[in-house]
Amino acid sequence: QVQLVESGGGKVQAGQSLRLSCAASGSRSAINAMGWYRQAPGKQRELVAAITGGGLTNYADSVKGRFTISRDTAKNMVTLQMNSLKPEDTAVYYCVSAHGDFWNSGSVDFWGQGTQVTVSS
């Protein structure tokens with residue numbers, strides 16, 4: 001079992017930055033890839049960014065060039081640096097983990113509780 005706890009959400013104005021963090025605890029062997037999903041009201045859930053155990057990263061087109069995902073394997077933490085935020089980035093952001101690379105399948109094993117990010121224009 002893996003527990004994921006997010007932090008760092010909040011309210012900012014368009015153009016500003018936020019940094020989300022996710023601390024994982026529990027079975028380290030169950031975690032290979034980690035990443036972030038988001039869901040805005042009335043919209044489908046979107047896979048935003050992911051990083052494999054080997055450090056390979058993937059990003060949704062909507063955030064490329066603005067968001068950066070990184071990982072501290074020793075501390076079992078993943079962060080999402082979000083720059084040049086836009087109102088359309090407003091959503092609940094969820095940290096996720098999986099035993100394998102989930103970028104193409106979207107299939108993850110564990111979810112955090114989510115943290116709200118609100119960007120005003």
Side-chain angles (χ1 to χ4, degrees):
Q1 194 73 6
V2 173
Q3 295 78 41
L4 303 171
V5 179
E6 303 99 334
S7 61
K11 296 181 180 181
V12 296
Q13 292 188 326
Q16 293 185 327
S17 300
L18 275 176
R19 184 180 179 89
L20 303 183
S21 297
C22 173
S25 61
S27 174
R28 281 180 172 262
S29 62
I31 300 175
N32 180 352
M34 299 184 74
W36 297 87
Y37 269 93
R38 69 183 179 186
Q39 187 161 25
K43 293 189 177 181
Q44 283 193 328
R45 194 167 51 196
E46 178 185 22
L47 179 53
V48 176
I51 184 167
T52 67
L56 295 177
T57 58
N58 277 292
Y59 298 93
D61 288 343
S62 58
V63 306
K64 278 181 182 176
R66 301 187 298 120
F67 290 12
T68 303
I69 189 170
S70 60
R71 184 172 177 178
D72 185 332
T73 304
K75 294 183 179 179
N76 233 6
M77 291 188 66
V78 64
T79 61
L80 185 67
Q81 178 66 41
M82 305 185 294
N83 298 330
S84 302
L85 283 161
K86 303 175 181 180
E88 50 263 43
D89 294 318
T90 295
V92 177
Y93 284 70
Y94 297 91
C95 178
V96 296
S97 71
H99 62 277
D101 185 0
F102 59 87
W103 184 254
N104 292 316
S105 68
S107 176
V108 300
D109 300 318
F110 300 99
W111 292 78
Q113 82 285 355
T115 185
Q116 178 70 46
V117 171
T118 302
V119 184
S120 60
S121 58

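Not measured: the values here are computed from a predicted model.
Atom SG of C22 and atom CD of Q3 lie 11.0 Å apart (nearest 0.5 Å). Note that CD1 of I51 and CG of N32 are 10.5 Å apart. Values are rounded to the nearest 0.5 Å. To the nearest 0.5 Å, atom OG of residue S120 and atom CG of residue L85 are 10.5 Å apart. T115 OG1 to L18 CG: the interatomic distance, rounded to the nearest 0.5 Å, is 9.0 Å. For the atom pair CG (L47) and CG (N58), the distance works out to 8.5 Å, reported to the nearest 0.5 Å. To the nearest 0.5 Å, the span separating CG on D101 from CG on L56 amounts to 7.5 Å.
Of all heavy-atom pairs between V108 and A98, the closest is CA-CB, 4.0 Å. The heavy-atom pair separating R66 from S84 by the smallest distance is NH1-O, 2.9 Å. Taking all atoms of both residues into account, the shortest heavy-atom contact from W103 to A50 is CE3-CB, 3.7 Å. Of all heavy-atom pairs spanning C95 and M34, the tightest one is SG-CE, 4.1 Å. What you find for T79 and R19 is that their closest heavy atoms are OG1-NH2, 3.6 Å. Considering every non-hydrogen atom in both P87 and A14, the closest pair reads CD-CB, 4.1 Å.
Criterion: ILVMFWY side-chain heavy atoms under 4.5 Å apart, direct or through other members. Under it, Y94 and V48 are not part of a common hydrophobic cluster. Cluster membership check: I69 shares its hydrophobic cluster with L20, using side-chain heavy-atom separations under 4.5 Å among Ile, Leu, Val, Met, Phe, Trp and Tyr. Linking ILVMFWY residues whenever their side-chain heavy atoms come closer than 4.5 Å, directly or via other members, places I31 and W36 in the same cluster. Linking Ile, Leu, Val, Met, Phe, Trp and Tyr whenever their side-chain heavy atoms come within less than 4.5 Å puts L4 and V78 in one cluster.
Side-chain atoms of T90 come within 3.5 Å of backbone N or O of V119 as a donor-acceptor pair. In terms of modelled atom types and a separation under 3.5 Å, the side chain of D72 and the main chain of M77 share no donor-acceptor contact. Between the side chain of E6 and the backbone N or O of Q113 there is at least one donor-acceptor pair closer than 3.5 Å.
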One pair to check against salt bridge (Lys or Arg N to Asp or Glu O under 4.0 Å): D61 and K64. What are the steps and the verdict?
CA-CA 5 Å; D61 288 343; K64 278 181 182 176; 3.2 Å; yes
Tell me, with the steps shown, if D89 and M82 meet side chain to side chain contact (heavy atoms under 4.5 Å, CB included).
CA-CA 9 Å; D89 294 318; M82 305 185 294; over 6 Å; no
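Exactly one residue among Q116, R38, R45 makes a side chain to side chain contact (heavy atoms under 4.5 Å, CB included) with V92. That residue is Q116.
In this structure, a donor-acceptor pair under 3.5 Å is absent between the side chains of E88 and S62. Side-chain atoms of S7 and S21 form no donor-acceptor pair, as typed in the model, at a separation below 3.5 Å.
F102 and Y37 have parallel rings, their planes meeting at less than 30° on a 0 to 90° scale where 60° marks the start of perpendicular.
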